[in-house]
Amino acid sequence: MADNKMQENEKVVKNNFIHLQIENDLKEGKNNQRVHTRFPPEPNGYLHIGHAKSICLNFGTAEKFGGKCNLRFDDTNPSKEETEYVDSIMDDVHWLGFDWEDRLFYASDYFEKLYDFAVKLINDGKAYVDDQDAEVISQQKGTPTRPGIESPFRNRTPEENLDLFTRMKNGEFNEGEKVLRAKIDMASPNMHMRDPIIYRVLKAPHHRTGDKWVIYPMYDFAHGQSDYWEGITHSVCTLEFEVHRPLYDWCIDQLQEADYRPRQIEFARLNLSYTVMSKRKLLELVQDKHVKGWDDPRMPTISGLRRRGYTPESIRNFADRIGVTKVDGMIDVTLLEHSVREHLNKSAQRVMGVLNPLKVVITNYPEGQEEELDAVNNPEDESMGKRKVPFSRELYIEREDFMEDPPRKFFRLGPGREVRLRYAYFITCNKVIKNDKGEIVELQCTYDPASKGGNSPDGRKVKATLHWVSIKHAIKSEVRLYDRLFTVEDPLSVKDKDFKEFMNPEAYKVLPNCYVEPFVSQAKPFDHFQFERLGYFNLDPDSGSDNLIFNRTVQLRDTWAKHNK
RNA sequence: UGACCCGUGGUGUAAUUGGCAACACAACUGAUUUUGGUUCAGUAGAGUCCAAGUUCGAGCCUUGGCGGGUCAACCA
């Protein structure tokens with residue numbers, strides 16, 4: 001009883017400072033007790049693990065308070081945005097396990113309303129058309145420590161402004177020739193309040209509106225209004241928008257019909273050790289073909305992680321574990337890796353595989369004889385059942401599992417040693433056969449028929465249990481092994497130009513001659529398996545029967561090194 | 001020499017809103033184990049950036065320092 005309650009409590013999403021603020025707003029009766037969030041990606045790339053944090057936060061928060069969460073594409077810059085990205089983003093959000101139902105929006109849905117709103121600002125004398133070019137405007141803006149100076153076009157009449165803005169809309173001006181600016185305060189200590197540009201001429205086709213528009217609103221001008229029109233109550237974004245908040249609020253203030261106020265709340269974006277997350281850099285990796293695409297398993301994108309073998313549950317658990325604060329820190333990847341291991345350890349089927357085969361002949365096992373042995377699919381979950389594994393005279397074991405001259409703490413096979421073949425028999429190594437080059441090519445062993453299933457009736461113990469496959473029955477397969485893409489612990493410290501120098505050359509390896517149990521061939525894409533001492537793997541959905549080995553390798557290698565000291 | 005934000009073990013988050021700092025990851029030790037996995041038991045590690053102040057009592061409040069971050073795109 002008490003235990004049940006404890007477990008329930010553990011499942012409840014951890015409170016964070018945003019939840020506390022919302023509870024407070026609710027207590028004060030704000031927004032008619034509504035909680036409505038949104039996830040607003042710009043469709044200019046694939047979503048990555050950092051976005052997953054935001055998705056879990058926004059959708060999770062809505063869920064927690066019985067509210068709603070919209071998906072809105074912030075598509076106000078047609079030069080960078082593509083439909084491919086829109087599609088992938090929708091796939092990824094769904095895959096993570098969240099649903100916007102019928103609340104799919106685009107900032108481009110509001111182009112008309114945004115235009116009308118800009119006209120209203122002009123009529124109110126709160127916006128003006130500036131004829132100066134980007135460089136001049138930038139210079140007049142001043143610096144963070146020095147106030148700006150006013151544009152000579154700042155005091156045009158509303159009539160003149162309206163005429164010019166209309167002509168901007170009609171395509172009479174070229175890019176860069178004219179912009180619409182909000183008239184706020186050139187002396188403000190906040191750079192964003194120094195007459196920010198709210199509309200610019202951009203003669204690029206938009207992925208949804210085509211060439212209907214040649215002027216596009218800027219982020220600051222579009223975001224708050226979009227929030228308002230969608231009924232968003234809590235507009236959660238990352239820390240770098242903190243200084244934009246006064247402008248966000250200013251825009252809302254101009255909405256005279258405003259019957260409620262969306263509120264911007266900022267949190268720290270995710271920084272992960274050994275992980276490059278900048279969209280610009282990821283795009284570069286894709287464009288320069290350092291990886292095979294946005295969903296390459298080496299990428300920190302959600303689709304990359306998915307192909308890498310990560311489960312949605314594990315990513316959601318990770319997001320919950322790291323919490324939400326305004327502290328700009330660096331989270332250790334091991335926490336992410338722990339989250340998958342935790343989930344996969346419960347859900348992955350165990351199967352035997354040999355990545356680097358070494359032939360073993362059981363000399364006292366009759367030639368031509370075969371048998372099927374029982375193997376459990378998951379020792380921690382009996383409901384996952386059993387399978388039959390074929391056994392015969394000639395087997396492969398992992399080359400790493402044998403050492404001719406074993407060091408002190410090596411427990412596995414060596415000359416004269418006895419080990420267990422998992423689910424099969426005890427075997428003892430009697431003879432090592434080498435080729436001309438002195439390489440070990442075969443091991444001759446004897447088995448103990450009495451130890452069938454893996455236990456000896458005399459109670460004899462062995463120190464190691466090995467994976468194996470029957471050569472005749474095993475399926476030969478190409479296996480791809482993945483490791484961390486980058487070698488720097490703090491990728492943020494690396495200069496933009498140099499980041500590729502820190503790519504890990506070992507991050508991707510193809511192992512051509514691997515062997516797995518026949519059982520694997522029955523698997524479906526995204527079924528997860530676990531190999532002894534190699535970690536989890538899953539079938540790659542995009543290349544037929546190839547396998548991906550998933551990331552525990554490094555850890556286990558380290559473990560062995562430690563024991564070997 | 002501006003504005004805004006942040007500062008708790010190695011890392012990330014907590015601390016009943018002022019009551020002697022907890023949890024997870026990582027590390028280490030030991031036990032169990034038909035995966036050197038898992039599981040279990042345990043150890044170590046911060047006195048909360050610093051300094052004053054208020055208070056019986058401060059990680060939480062005040063002031064002043066120090067340190068870090070963000071902002072000067074017709075990007076989001």
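Letters go in sequence order (proteins before strands), and every chain restarts at 1. Just so you know, these numbers come straight off a predicted model, no measurement behind them.
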When the distance from CE of M218(A) to C1' of C75(B) is rounded to whole Å, what number comes out?
-> 7 Å
Tightest non-hydrogen contact, residues D131(A) and K178(A), listed as OD1-CE, 3.1 Å
Decide yes or no, distance alone: a donor-acceptor N/O pair under 3.5 angstrom between the base of G36(B) and the side-chain of R412(A).
-> yes
Any donor-acceptor N/O pair under 3.5 Å between U35(B) base and Q530(A) side chain | yes
In terms of side-chain heavy atoms of R200(A), which of G37(B), C25(B), C75(B) is nearest?
-> C75(B)
Quick one: F267(A) CZ to U70(B) P, roughly how many Å, whole number?
-> 17 Å
Using a distance-only test with no angle check, is there a side-chain donor-acceptor pair under 3.5 angstrom linking Q349(A) and R387(A)?
-> no
Per V327(A) side chain, nearest of listed nucleotides U13(B), A72(B), C75(B) = U13(B)
May I ask you to say what Q132(A) touches in the nucleic acid, namely base, sugar-phosphate or nothing, with a heavy-atom cut-off under 4.0 Å?
-> base
Return the residues of residues 170-180 of chain A meeting this criterion: a heavy atom under 4.0 Å from some atom of RNA chain B. Order them by number, or give none.
-> G176(A), V179(A)
Spacing of M191(A) atom CE relative to C74(B) atom P, expressed in whole Å = 10 Å
Has H338(A) got a side-chain N or O lying under 4.0 Å from the OP1 or OP2 atom of C25(B)?
-> yes
Conformer about C1'-N of U17(B) - syn within 90° of 0, anti elsewhere = syn
Expressed in whole Å, how much space separates the P atoms belonging to G67(B) and A51(B)?
-> 16 Å
Does R208(A) make a cation-pi contact with Y106(A), if we ask for NZ or CZ under 6.0 Å from the ring centre and within 45° of the axis?
-> yes
note: R321(A), atom CZ; A24(B), atom P; distance rounded to Å ~ 10 Å
C25(B) OP1/OP2 closer than 4.0 Å to side-chain N/O of T334(A) | no
With respect to the side chain of T76(A), which nucleotide from G37(B), C74(B), A76(B) is positioned closest?
-> A76(B)
Check whether any side-chain nitrogen or oxygen of S188(A) sits under 4.0 Å from OP1 or OP2 of A3(B), and answer yes or no.
-> no
Near-ring test F531(A)/F537(A), centroid separation under 6.0 angstrom | yes
Ionic contact status for R412(A) with E398(A), cut-off 4.0 Å | no
Taking atom P in both G59(B) and G9(B), compute the distance separating them and give it to the nearest angstrom.
-> 14 Å
Give a yes or no on whether a salt bridge exists between D381(A) and K346(A), defined as a side-chain N under 4.0 angstrom from a carboxylate O.
-> no
What's the closest nucleotide to the R341(A) side chain, out of A26(B), U17(B), C75(B)?
-> A26(B)
Return no unless some side-chain N or O of R280(A) is found under 4.0 Å from OP1 or OP2 of A76(B).
-> no
What integer number of Å spans the P atoms of G12(B) and C49(B)?
-> 14 Å
Quote, to the nearest angstrom, the C1' distance that separates A15(B) from U8(B).
-> 10 Å
Nearest-angstrom distance, P atom, U43(B) to A22(B) = 13 Å
Using the C1' atoms only, state how far A46(B) lies from C23(B), rounded to an integer number of Å.
-> 14 Å
Does a side-chain N or O from R269(A) land closer than 4.0 Å to OP1 or OP2 of C6(B), or not?
-> no
Does the side-chain hydrogen bond (donor to acceptor under 3.5 Å, both in side chains) test come out yes or no for N190(A) and S188(A), once each step is laid out?
-> CA-CA 5 Å; N190(A) 184 332; S188(A) 169; 5.4 Å; no
What residues 235-243 of chain A contributes to the RNA chain B interface at heavy-atom separation below 4.0 Å is E240(A), F241(A), E242(A), V243(A)
Salt bridge check: are D109(A) and R72(A) linked by an N-O gap of less than 4.0 Å?
-> no
To the nearest angstrom, the CD-P distance between E135(A) and A72(B) comes to 16 Å
Could you tell me whether a side-chain N or O of T301(A) sits under 3.5 Å from a main-chain N or O of Y46(A), the two making a donor and an acceptor?
-> no
So, the side chain of H528(A) versus the backbone of G309(A): is there a donor-acceptor pair under 3.5 Å, distance only?
-> yes
Nearest listed nucleotide, side chain of P189(A), among G36(B), C74(B), G2(B) | G2(B)
Between R72(A) (CZ) and A76(B) (C1'), how many Å, whole number?
-> 12 Å
Rounded to whole angstrom, note down the C1' distance from G10(B) over to U55(B).
-> 35 Å
Any donor and acceptor pair, going by atom type alone, linking the side chain of Y216(A) with main-chain N or O of A204(A) inside 3.5 Å?
-> yes
Partner of A26(B) by Watson-Crick or G-U wobble geometry, both contacts under 3.5 Å, or none?
-> none
Round to the nearest Å and state the distance from I198(A) atom CD1 to A73(B) atom P.
-> 18 Å
Return yes if a side-chain donor-acceptor contact under 3.5 Å exists between T465(A) and R420(A), otherwise no.
-> yes
Tell me: CZ of F529(A) to P of U35(B), nearest whole Å?
-> 19 Å
Side-chain-base donor-acceptor pair under 3.5 Å for H192(A) and A3(B) = no
Comparing nearest nucleotides in RNA chain B, the 5'-proximal residue of the pair K452(A), G323(A) is G323(A)
When syn is taken as a glycosidic angle within 90 degrees of 0, is G53(B) syn or anti?
-> anti
